Amino acid sequence: MRRWLLALLALSLTLVALPAYAKPQPGPAAGRQHGSFSAPGLPTLAYALYVPRGVADKPHKKVPLLVYLHGCNQNADDAATGSRLEQLADRENVLVLFPQQTRPAGSTYPVTDGNGSGCWNWFLPDHQQRGKGEPGAIAGMTRAIVEDFAVDERRVWLGGISAGADMATNLAASYPDLFAAVAPIAGCAYLSCSDVTGTQALAAMGPRARVVPTLVVQGSADMVNNAAMGATAVSQWRGTNDLADDGQVNGSIPLAPSSVTSYDAVRGTPPGDPCVGNSRVPCLGGALGLASYPYSVARYDDAAGRSVVEVLVIQGANHAYTGGNPAGTFVDPVGPDLGVAMLDFFREHPRR
């Protein structure tokens, strides 16, 4: 009996020494998911995350992540619906994260903060710096998704519209080590449109300073973020990247575009009347029978001929996401499709 017990004990010790068998973990669920992020000293933010079926089926394959920030009077689900980014994500196998601004009851806009209309507080100093406020929370949320999924850290991209565009600029200046490229739609320069030289955005980058490829999108008929405000975004990002590449203001990113390509209007029937519906601004495309507005793309290239700043100006477009789904708010179904434009730009600009 004793000999049997000793043999059993020896066998037990042998089994303990062997590595434990780890059962394969199931992949993430596909579709739109909801969650929240919180960290000490930072605001708690909700989010929607879209996981394409191709990503869910191959959870260990490296994929890009696009972080898209909604505008005022929107939320994560509205932005996901109106932008059509989920459909594009299915096609391209891209994770899409839609952070959502907190909207406490009784808050007002714009006297004290942006939350009364679901706006990001891009214009307040506490939300313009690394490690603080909403930039800190959105960056922390992004890092959590990067850790939870097989995200290619060279392809973490950032876009946003209106207040979301301005918060995207705050984030790209504060976290150039996290976001490879940025696409502000209907936004302006860093520090509440004031940093037209780009020097303050470079200072915000600190020792992490690097060229951040930028796609600036502006509607020529935008009545909220007018063309002059959009021009400050171009000036700032051109200046910031000119400084970031070699530490000098030397025209390494030229003052004048390296090229400008124009595209004609396309006639046709847009998928819905862009001038009818909830929370829309006056627009011309549907009334003129256009499937796509005329637009131009100006490129500012570096010495190697790579675009660093691109400027997409949509002639006749108002303060809306063009090429969007009319089921969302502040969208214009008439093209060009801004989701396609963003992903085309981002695909060409992984972090170097």
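The shown structure was predicted, so the numbers you read here are calculated from the model rather than taken from an experiment. Just so it is clear, the values below take in all heavy atoms, side chains as well, and ignore hydrogens, waters and symmetry mates.
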Verdict with supporting geometry, Tyr175 and Arg143, side-chain contact (heavy atoms from CB on, under 4.5 Å) = CA-CA 11 Å; Tyr175 293 91; Arg143 287 190 173 120; 3.9 Å; yes

Could you tell me whether a side-chain N or O of [X] sits under 3.5 Å from a main-chain N or O of [Y], the two making a donor and an acceptor?
X      : Y      : result
Asn226 : Gly230 : no
Asn170 : Trp122 : yes
Tyr190 : Gln128 : yes
Asp152 : Lys62  : no
Tyr321 : Gly82  : no
Trp120 : Pro135 : no
Arg238 : Ile253 : yes
Ser83  : Leu85  : yes
Gln33  : Ala29  : yes
Thr240 : Gly198 : yes

Just how far is it from atom [atom1] of [X] to atom [atom2] of [Y], taken to the nearest 0.5 Å?
X      : Y      : atom1 : atom2 : result
Met229 : Cys193 : CE    : SG    : 4.0 Å
Gln129 : Glu134 : CD    : CD    : 13.0 Å
Leu215 : Ser307 : CG    : OG    : 9.0 Å
Leu88  : Leu66  : CG    : CG    : 9.5 Å
Glu310 : Glu348 : CD    : CD    : 9.0 Å
Asn73  : Asp78  : CG    : CG    : 9.5 Å

Side-chain heavy atoms of [X] within contact of [Y], under 4.5 Å:
X      : Y      : result
Asp126 : Asn121 : no
Gln218 : Leu312 : no
Thr44  : Phe37  : no
Asp332 : Asn318 : no
Leu95  : Val151 : yes
Arg306 : Asp301 : no
Thr214 : Asn241 : yes
Leu338 : Ile185 : yes

Do you know the tightest heavy-atom contact between [X] and [Y]?
X      : Y      : result
Ala165 : Gly187 : CB-CA, 3.8 Å
Ala320 : Ile161 : C-CD1, 4.1 Å
Asp77  : His34  : OD1-NE2, 2.8 Å
Cys72  : Ala163 : SG-CB, 3.7 Å
Pro333 : Pro326 : CG-CG, 3.8 Å
Phe345 : Val308 : CZ-O, 4.4 Å

With sequence neighbours excluded, tell me which residues meet ring-ring contact (aromatic ring centres under 6.0 Å, His included) with Tyr300.
->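 So Tyr300 forms no ring-ring contact (aromatic ring centres under 6.0 Å, His included) with any residue.
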
Please answer: with hydrophobic residues joined when any side-chain heavy atoms are less than 4.5 Å apart, are [X] and [Y] in the same cluster?
X      : Y      : result
Ile314 : Leu288 : yes
Val234 : Leu202 : yes
Val146 : Leu69  : yes
Tyr263 : Leu284 : yes
Leu42  : Ile145 : no

Under 6.0 Å from the CD atom of Gln315, do we count more than 12 heavy atoms belonging to anything else shown?
->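 More than 12 heavy atoms, drawn from other residues, nucleotides or ligands, come within 6.0 Å of this atom.
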
Would you please test Asp242 and Ser252 for side-chain hydrogen bond (donor to acceptor under 3.5 Å, both in side chains) and show each step?
-> CA-CA 6 Å; Asp242 184 7; Ser252 54; 2.6 Å; yes

Under the side-chain hydrogen bond (donor to acceptor under 3.5 Å, both in side chains) test, residues paired with Asp264 that sit two or more places apart = none

Sequence neighbours left out, what passes side-chain hydrogen bond (donor to acceptor under 3.5 Å, both in side chains) with Ser162? Give chain and number order.
->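 So Ser162 forms a side-chain hydrogen bond (donor to acceptor under 3.5 Å, both in side chains) with His319.
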
Evaluate salt bridge (charged side-chain N to carboxylate O under 4.0 Å, His left out) for Asp177 paired with Arg210, printing each intermediate quantity in order.
-> CA-CA 8 Å; Asp177 52 330; Arg210 57 173 281 270; over 6 Å; no

Once the angle between the rings of Phe98 and Tyr68 is folded into 0 to 90°, is it parallel (under 30°), tilted (30 to 60°) or perpendicular (over 60°)?
-> perpendicular

Could you check Ser194 against Ser192 for side-chain hydrogen bond (donor to acceptor under 3.5 Å, both in side chains), going step by step and ending with a plain yes or no?
-> CA-CA 6 Å; Ser194 66; Ser192 305; over 6 Å; no

Residues two or more places apart in sequence or in another chain: which of them pass side-chain contact (heavy atoms from CB on, under 4.5 Å) with [X]?
X      : answer
Val196 : Thr232, Ser235
Pro64  : Val94, Arg155, Trp157
Ala30  : Arg53, Ala56

Under the side-chain contact (heavy atoms from CB on, under 4.5 Å) rule, what do Glu92 and Val63 come out as? Steps first, then yes or no, please.
-> CA-CA 9 Å; Glu92 302 285 341; Val63 295; over 6 Å; no

Would you check, one step at a time, whether the test side-chain contact (heavy atoms from CB on, under 4.5 Å) holds for Val212 with Arg351?
-> CA-CA 8 Å; Val212 178; Arg351 190 171 67 215; over 6 Å; no

Stepwise side-chain contact (heavy atoms from CB on, under 4.5 Å) test for Leu243 and Met205 | CA-CA 11 Å; Leu243 284 163; Met205 291 181 176; over 6 Å; no

